[in-house]
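Only heavy atoms go into these numbers, but all of them, side chains included; no hydrogens, no water, no symmetry mates. Proteins come first, then strands; the chains are lettered A, B, ... in the order of their sequence lines, and each starts at number 1.
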Amino acid sequence: MAPVAGASTTLTRLPELVPEPVDLPESLAGLRAEVRAFLAAERAAGAWTPRADVWLSGWDEGFSKRLGERGWLGMTIPPEYGGHGRGALERYVVTEELLAAGAPVAAHWIADRQIGPSLLRHGTEEQRQAFLPGIARGEIYFGIGMSEPDSGSDLASVRTRATRVDGGWELSGTKVWTSGAHHAHAFFALVRTEPRDDAHRHAGLSQFLVELDRPGVEIRPIPLLTGAHHFNEVVFDKVFIPDSRVFGELGNGWAQVTGELAFERSGPERFLSTYPLLAALVGELTAAGAVDPGTRRRIGSLVSRVWTLRAMSLAVAGALESGAAPELAAALVKDLGTRYENEIVDAARLLVDTPPDPGAESGFARLLADAVLHAPGFTLRGGTNEVLRGIVARGMGLR
Amino acid sequence: MARNAELAELAESIFAASYDKGATGLDTAAWKACAESGLTTLTDPEVGGTLEDSAVLLEAAGAWAARVPLAETDLLGGWLARAADLAAPDGPSVAVTGSAAAGAGDTVSVELARVPWGRALVAVVLLDGDRVLVLDTADAAVTEGANIAEEPRDTLTFTGVTPVASGAAPAGAAEELALRAALARSLLLAGAARGALARSIGYAGERQQFGRPIARFQAVQQMLAEAGSEVAAAAASSAAAARTARTAGFADPATVFAVAAAKSRCGEAATAVARIAHQVHGAIGFTREHDLRLVSTRLWAWRDEDGNEAYWNDRVGELALRAGADGLWPLVTGRP
Ligand SMILES: Cc1cc2nc3c(=O)[nH]c(=O)nc-3n(C[C@H](O)[C@H](O)[C@H](O)COP(=O)(O)OP(=O)(O)OC[C@H]3O[C@@H](n4cnc5c(N)ncnc54)[C@H](O)[C@@H]3O)c2cc1C
């Protein structure tokens, strides 16, 4: 029979779903060992206890500064801006060790993960000098000002407006769900600088670097369902922003934000939020002695999955390091990873008969309580899974 | 190491050229083309391919549902013969474990069940305890069988035959053989999953309902995106296992863990991808006429061969529980 016409094109047309795999260079083993030793010493000294979802809730400025002193923040920032000029993979090693240990990394998280790289790409020399050294020291914290009451998934619909005034711009509008704004020094606000044009929805958006102590900025808490203060509503009432705080190019906000999201979406935090619970689950099971085959297999499946996700996430990190913006792969890893974070919660609930206890100081019951109560956020923050799958579908040529 | 793009292209072109959705049994044209290009003995030191090259080849074979025992011949039969200092069989072969009964002289008798491609092989390399026997399949009585993808899984009965060659088994041969088979199967699974996704995307772009291609419907896009992440997970896990095996060797605990995790993950992906691919294709994909079955039946068959998810999850789970709460992360990162 003749070869099937069209079959070859059908089978080879598939885009690359994960970038080239990467091996962590052997030279990073020493760095990893140093981080592990530091974390073990901190834990032994009772400086903090492991928690789930630490990059959201583990706000500890002292810890961030101690990391800064060791050179483990701003690792990819060049030395002339107070950073360490190291590679994305070195940063990856430090980051994943911190998350796996359940260490309190929330204070510096956003600044270190995406604001630093963004400032390097789009910031002015003065902006870099003003913020990067403090970020690398673990002393300057940032938020993200993208979402608004009517703009979540549809970010192009933001309504906060900047109007031209003498020497700068005047901002009016409301941002919501701003993580850590009540502690942060500044955030990047995505705003309209041109009236909305329905034919070009992504045009006319710009970013401003907003110091949150400016007159006219009001920060109001929006308690989480646990009652914890994490989110905020940030209201701008004619806030003056000098020209020196325009971030990047006017009108280029959409492209800049999309670039930031590539960093925001692909890291190990997208599958390790509940890793400390998985480790505690394994600890509970080993302590209990005999483990039935079904339980052992469930653990095996969870561990196979986290190992696979790590390989995928590392591949994305490798691509980012070489200057690519693997949007499709980042979206796909985040979709898979955040659903996985939820799987751990269910396994922990069902394999160990200990009720979640939000009042416990530490241990399995506390980790489980935090994980259950934080779980809804995993598949929302940084773009919902449904929206991410839309990105994957587009990348695969379906839309 | 970079993925071998040239090898990928060569493999795809060979499998595409002989692709025939109606045929069964050994694809002699593809086999010949592979043999001429050295692909049937890729990891033979004389050819010099690595396990990662082999990964590229097997992934392509899986995507095309190629009817050639490449993994069996090169990674199993050829490997075990070479490892026992014997000449690799000249033609399709496989390695299996079994226990042969001694007869008169140096003859042996053994019945080997569900031998992959049994009827098409020139030799079986038998791992029998601490020895390796090369058996000529011309000496065997063949009872034909098949897996659910209609691939030959035959019973070969050798009665009082003289082995073509025999030698001492290398240390750890049984474990390495099992790991090699599971790794090869993972790579084939990853390829078949890619094949199923590619066919589904192609079909969704062509099939019209309600006046537009079904690919335009968000529900269909969401299903296919989910399949995309499963395909990516299968590809990443099997490639990582191949890389670990190349760099650390099969005796290293990191390879045991990586291969076990990969076979488990690829099996899970197979289930999800086959389900979604069939859902997207509607009734036509449920027919013999449509070529989706070539990959979906392989996904179903291969997830159960060389250890299903329960088996390998058990292995991974055991390693994880032995590592304990503090040892788990070093296990996952491969860094003690
Ligand atoms: C823990 C946490 C921290 C956050 N931190 C910040 C922050 O610091 N800064 C910031 O700017 N934002 C932050 N966010 C906001 C986050 O980015 C938004 O919640 C997210 O983009 C979704 O927007 P939304 O909440 O308005 O949901 P909506 O957009 O209203 O979506 C509601 C539901 O509809 C679905 N949906 C909507 N549109 C589509 C579509 N086109 N196709 C399919 N389904 C669709 C969504 O998937 C979702 O299930 C945070 C959110 C969380 C949970």
Side-chain angles (χ1 to χ4, degrees), chain A residues 1-4 6-8 10-14 17-18 20-21 23 29 32-33 96-97 100-101 275 278-280 282-286 291 293 295-301 303-312 315 329 332-333 335-336 386 388-393 395-399, chain B residues 2-3 12 16-23 63-64 194-195 197-199 201-202 204-205 215-216 218 221-222 224-226 228-229 231-233 235-237 239-240 243 247 258 260-261 264-265 268 291 309-310 312-318 320-321 323-326 328-329 331-333 335:
Chain A
M1 208 190 275
V4 178
S8 73
T10 310
L11 279 178
T12 46
R13 211 193 293 137
L14 202 59
L17 297 173
V18 248
E20 194 93 350
D23 271 325
R32 187 186 297 280
E96 68 171 353
E97 289 296 328
Y275 177 84
L278 176 64
V282 166
E284 292 289 300
L285 294 172
T286 11
V291 173
T295 299
R296 196 164 56 232
R297 287 175 190 155
R298 186 92 180 88
I299 296 294
S301 170
V303 173
S304 301
R305 282 176 173 264
V306 70
W307 173 79
T308 301
L309 281 160
R310 181 171 178 270
M312 299 171 80
L332 169 159
V333 173
D335 178 26
L336 215 51
E386 294 70 33
L388 293 169
R389 283 185 217 157
I391 293 172
V392 174
M396 297 195 309
L398 293 166
R399 35 187 296 224
Chain B
R3 279 178 206 163
E12 298 264 345
S18 73
Y19 186 70
D20 177 352
K21 65 181 179 172
W64 286 97
R194 171 165 71 90
L197 176 63
R199 285 170 174 85
I201 290 173
R216 297 273 166 260
Q218 198 180 41
Q221 292 174 359
Q222 298 262 321
L224 286 171
E226 191 187 330
S229 25
V231 169
S237 63
R243 201 163 65 248
T247 53
S264 144
R265 189 63 187 89
E268 289 178 6
D291 65 351
E309 296 95 279
W312 289 110
N313 280 333
D314 207 58
R315 295 282 304 263
V316 176
E318 198 189 312
L321 291 164
D326 292 334
L328 182 62
W329 182 244
L331 180 71
V332 170
T333 55
R335 289 284 160 201

Closest heavy-atom contact between [X] and [Y]?
X	Y	value
A:Asp335	B:Ser229	OD2-OG, 4.1 Å
A:Val282	B:Ala325	CG1-N, 3.9 Å
B:Ala261	A:Trp307	CB-CE3, 3.5 Å
B:Gln221	A:Leu398	NE2-O, 3.6 Å
A:Leu17	B:Gly228	CD1-O, 3.6 Å

> Under a 4.5 Å cut-off applied to non-hydrogen side-chain atoms, are B:Trp329 and A:Glu96 in contact?
Replying inline: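 Yes, their side chains come closer than 4.5 Å.
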
Look at [options] and state which one has the largest set of heavy-atom pairs under 4.5 Å with chain A.
options	value
B:Ala236, B:Gly324, B:Ala233, B:Gly205	B:Ala233
B:Val316, B:Thr247, B:Asn313	B:Asn313
B:Ala323, B:Ala240, B:Ala310	B:Ala310

Top contributor to chain B contacts, counting heavy-atom pairs under 4.5 Å, from [options]:
options	answer
A:Ala280, A:Gly390, A:Ala279, A:Ala311	A:Ala279
A:Ser301, A:Pro293, A:Gly283, A:Ala393	A:Ser301
A:Ile299, A:Leu388, A:Leu336, A:Ile391	A:Leu336
A:Thr308, A:Val291, A:Thr286	A:Thr308

Could you measure the distance from the [atom1] atom of [X] to the [atom2] atom of [Y]? Nearest 0.5 Å is fine.
X	Y	atom1	atom2	answer
B:Gln222	A:Glu386	CD	CD	6.0 Å
B:Glu309	A:Arg297	CD	CZ	11.0 Å
A:Met396	B:Leu197	CE	CG	5.0 Å

>> With a 4.5 angstrom heavy-atom cut-off, is it the side chain or the backbone of A:Arg310 that approaches chain B, or both, or neither?
In response: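 The side chain, not the backbone.
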
>> Does any backbone or side-chain atom of B:Ala258 lie under 4.5 Å from a heavy atom of chain A? Answer side chain, backbone, both or neither.
In response: both

>> For B:Glu268, which atoms come within 4.5 Å of any heavy atom of chain A: side chain, backbone, both, or neither?
In response: side chain

> Got a sec, which residues hit side chain to side chain contact (heavy atoms under 4.5 Å, CB included) with A:Ala315, two or more places apart in sequence or on another chain?
Replying inline: A:Pro19

